[in-house]
Amino acid sequence: MALATRPRTTTRTDRRPAGTAARLWRSTIGKKTVMAVSGAIMLLYLIAHMIGNLKVFFGPDDMNGYAHWLRTLGEPVLHHEWFLWILRVVLLAAVLAHGLAAWQLSRLDIAARPVKYAHRGRRASYATRTMRWGGVILALFIVWHILDLTTGTVNPNGESGHPYENIVATFDTWYGNVIYAVAMIAVGLHVQHGFHSAAQTLGAGSRTRDRALRATGNGLALVLTVGFLSVPFGVMTGIVK
Amino acid sequence: MNLTLRIWRQQGPDTDGTMTTYEVADISPDMSFLEMLDTLNEELILRGEEPVAFDHDCREGICGACGMVINGQAHGPERTTTCQLHMRHFSDGDTIDIEPWRAAAFPVVKDLVVDRSAFDRIIGSGGYVTAPTGSAPEAHATPVPKAAADTAFEHAECIGCGACVAACPNGSAMLFTSAKIVHLNSLPQGGPERESRVLDMVATMDDEGFGGCTVTGECATACPKGIPLSSISTMNREYLRALRKGA
Ligand code: HEM
Ligand code: SF4
Ligand code: FES
């Protein structure tokens, strides 16, 4: 087929015995699988989180009661706040695994195409092209979000046990609204490409199913972005105060 | 028609190259793209200049040799091979950019010729079935369900042209590799090596320096044989299945 300039053996005799997890992590498909599974965990969390946020429209007692209930969830089997801490550990692991795999794969992908075409052709969709920077924006947002509404460090109100008042305080500032708006649009775009991508990675793609998978991804992206943004919108318009 | 060509010229694997401009006149719209390049090369030879090196063999769209990127698209504006692309898809006065496949795993040999032997090594690591050779086996000895035969045939159409790699922003060979995996893993004859085939071919693909898949879909858009993007998903499923089975 082509000129052989590099002598190589073609039969693989170097299949080192290794655990399934190690072999998974060594291959590009395996790292992508880690991204798909960790992405799916974060996605499930985001859906639950978005629905939980809508409590804000029922007033301070509903919202703060819901936040309290989250801390008692699982009792008496689990100790106070244990459920929340288990969730946090799982999510942290997911974010780290997702980010690390994304970093390593991105480096491989960039190295695999070292020379650009002089004539730039059609470009992929906006969501597809912004996965890397969108992911970085989301990572930075997660840090800010925790300092704002979990620890209260950067929150103008910052009263623990009073999420309702803290949320209103955040969205009373212009920068709070800007940061959350940018991040939620980034989430929408990330999920729009990510959902279909994860399905494809996990082997769920097929010619007959691809259209439905794309539509589901688009729907999820829209519902998440609109759902999350309804909270700052509510505060801005005075529906929530 | 008269055309301006900007062609990547590179003396050898280790030298720098540049886009070089040429004019060609009186090109017939019925010529194939390769015939147009032949016309240019004849002129260059008459002028005592070195002709443009490009790969070609069958000139009927089945060997996959004639890879080049035309105006930023692998094999140019039509979904076919360069040898089957006709000049009627261009207009008088056009400027056409012609570049080699760009991928770390496909180093440039000269001008538009790249070394695609990384594909051979992927095939060599599992793209076959182990069977006794000699006299042809009885055709009905191994029944193949119609659906499996169709899937296998569709994927056997891959001609190893490398357009998928050239079009992919990650220089990924997932579409090419998946075509062979789906072809052989769909058939009963491919059954005994079902797991080792996918594990070994994917490992070779990674070792050769091809990138991963980000589901951009450029490969399937560029593929002259219509290998679908979802074949990559089938390969992923086969891969994860083989890993679980611990083959
Ligand atoms: C640490 C911050 C993050 C970074 C650096 C990041 C980066 C990336 C990158 C580079 C990709 C691959 C893009 C592609 O396939 O073209 C990706 C895919 C994905 N991301 Fe993220 N992301 C982050 C956070 C998130 C969050 C918060 C979610 C939750 C919704 C998420 C869900 C997904 C999903 C489901 C995929 C698809 C996985 C696959 O392709 O199989 N990511 N991310
Ligand atoms: S999958 Fe299509 S584009 Fe890729 S090598 Fe095969 S025929 Fe060419
Ligand atoms: S020369 Fe054989 S496919 Fe074009």
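Here is the naming used below: chain letters follow the sequence lines, and residue numbers restart at 1 for every chain.
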Colleague: Do B:Met174 and A:Ile29 pass the side-chain contact (heavy atoms from CB on, under 4.5 Å) test, and can you show the C-alpha distance, the side-chain angles, and the key distance before you say yes or no?
Modeller: CA-CA 10 Å; B:Met174 293 281 276; A:Ile29 296 178; 3.8 Å; yes

Colleague: Check A:Arg113 against B:Cys168 and note the closest heavy-atom contact, atom names and distance.
Modeller: NH2-O, 2.9 Å

Colleague: Which atom pair, heavy atoms only, marks the closest approach of A:Thr201 to B:Asn236?
Modeller: O-CB, 3.2 Å

Colleague: So for A:Leu105, is it side chain, backbone, both, or neither that comes closer than 4.5 Å to the heavy atoms of chain B?
Modeller: neither

Colleague: Check whether any side-chain N or O of B:Ser233 sits under 3.5 Å from a backbone N or O of A:Gly205 as a donor-acceptor pair, and report yes or no.
Modeller: yes

Colleague: Go through the side-chain N and O atoms of A:Ser27 and B:Tyr239 and say whether any donor and acceptor fall under 3.5 Å apart.
Modeller: yes

Colleague: Say you draw a straight line from OH of A:Tyr117 to CH2 of B:Trp101; how long is it, rounded to the nearest 0.5 Å?
Modeller: 7.0 Å

Colleague: Between B:Glu154, B:Arg6, B:Met235, which residue shows the highest count of heavy-atom pairs closer than 4.5 Å to chain A?
Modeller: B:Glu154

Colleague: Under 4.5 Å from any heavy atom of chain B, what part of A:Ala111 do you find: side chain, backbone, both or neither?
Modeller: backbone

Colleague: Give me the atom names and distance for the closest heavy-atom approach of A:Lys32 to B:Thr214.
Modeller: NZ-CA, 3.7 Å

Colleague: More than 12 foreign heavy atoms under 6.0 Å from CZ of A:Arg107: is that the case here?
Modeller: no

Colleague: Chain A heavy atoms under 4.5 Å from B:Pro169: which part of the residue, side chain, backbone, both or neither?
Modeller: backbone

Colleague: When you look at A:Gln200 and B:Ile232, which way does the side-chain contact (heavy atoms from CB on, under 4.5 Å) test go after all the steps?
Modeller: CA-CA 8 Å; A:Gln200 173 94 356; B:Ile232 294 178; 3.6 Å; yes

Colleague: What are the two closest heavy atoms between B:Ala104 and A:Pro114, and how far apart are they?
Modeller: N-CD, 3.6 Å

Colleague: Considering all heavy atoms of both residues, which atom of A:Ala112 and which atom of B:Asn170 are nearest to each other, and what is their separation?
Modeller: CB-O, 3.1 Å

Colleague: Please look at B:Ile98 and chain A and tell me whether the side chain, the backbone, both or neither of the residue comes under 4.5 angstrom of a heavy atom of that chain.
Modeller: neither

Colleague: Identify which part of B:Ala167 has an atom lying under 4.5 Å from any heavy atom of chain A, answering side chain, backbone, both or neither.
Modeller: backbone

Colleague: Can you name the closest pair of heavy atoms from B:Glu218 and A:Ala124 and give their distance?
Modeller: OE2-N, 4.0 Å

Colleague: Are the charged groups of A:Lys116 and B:Glu99 less than 4.0 angstrom apart, N to O?
Modeller: no

Colleague: Using side-chain heavy atoms (C-beta onward) and a distance below 4.5 Å, is B:Leu199 in contact with A:Arg23?
Modeller: yes

Colleague: Would you say A:Phe141 has more than 12 foreign heavy atoms packed within less than 6.0 Å of its CZ?
Modeller: yes

Colleague: Once you round to the nearest 0.5 Å, how far does NE2 of A:His193 lie from OG1 of B:Thr216?
Modeller: 5.5 Å

Colleague: Counting only heavy atoms not in A:Trp25, do more than 12 sit closer than 6.0 Å to its CH2 atom?
Modeller: yes

Colleague: May I have the step-by-step check of side-chain contact (heavy atoms from CB on, under 4.5 Å) for B:Val69 and A:His119, ending in yes or no?
Modeller: CA-CA 9 Å; B:Val69 170; A:His119 188 117; over 6 Å; no

Colleague: So, A:Thr28 and B:Asp206: side-chain donor and acceptor under 3.5 Å apart, yes or no?
Modeller: yes

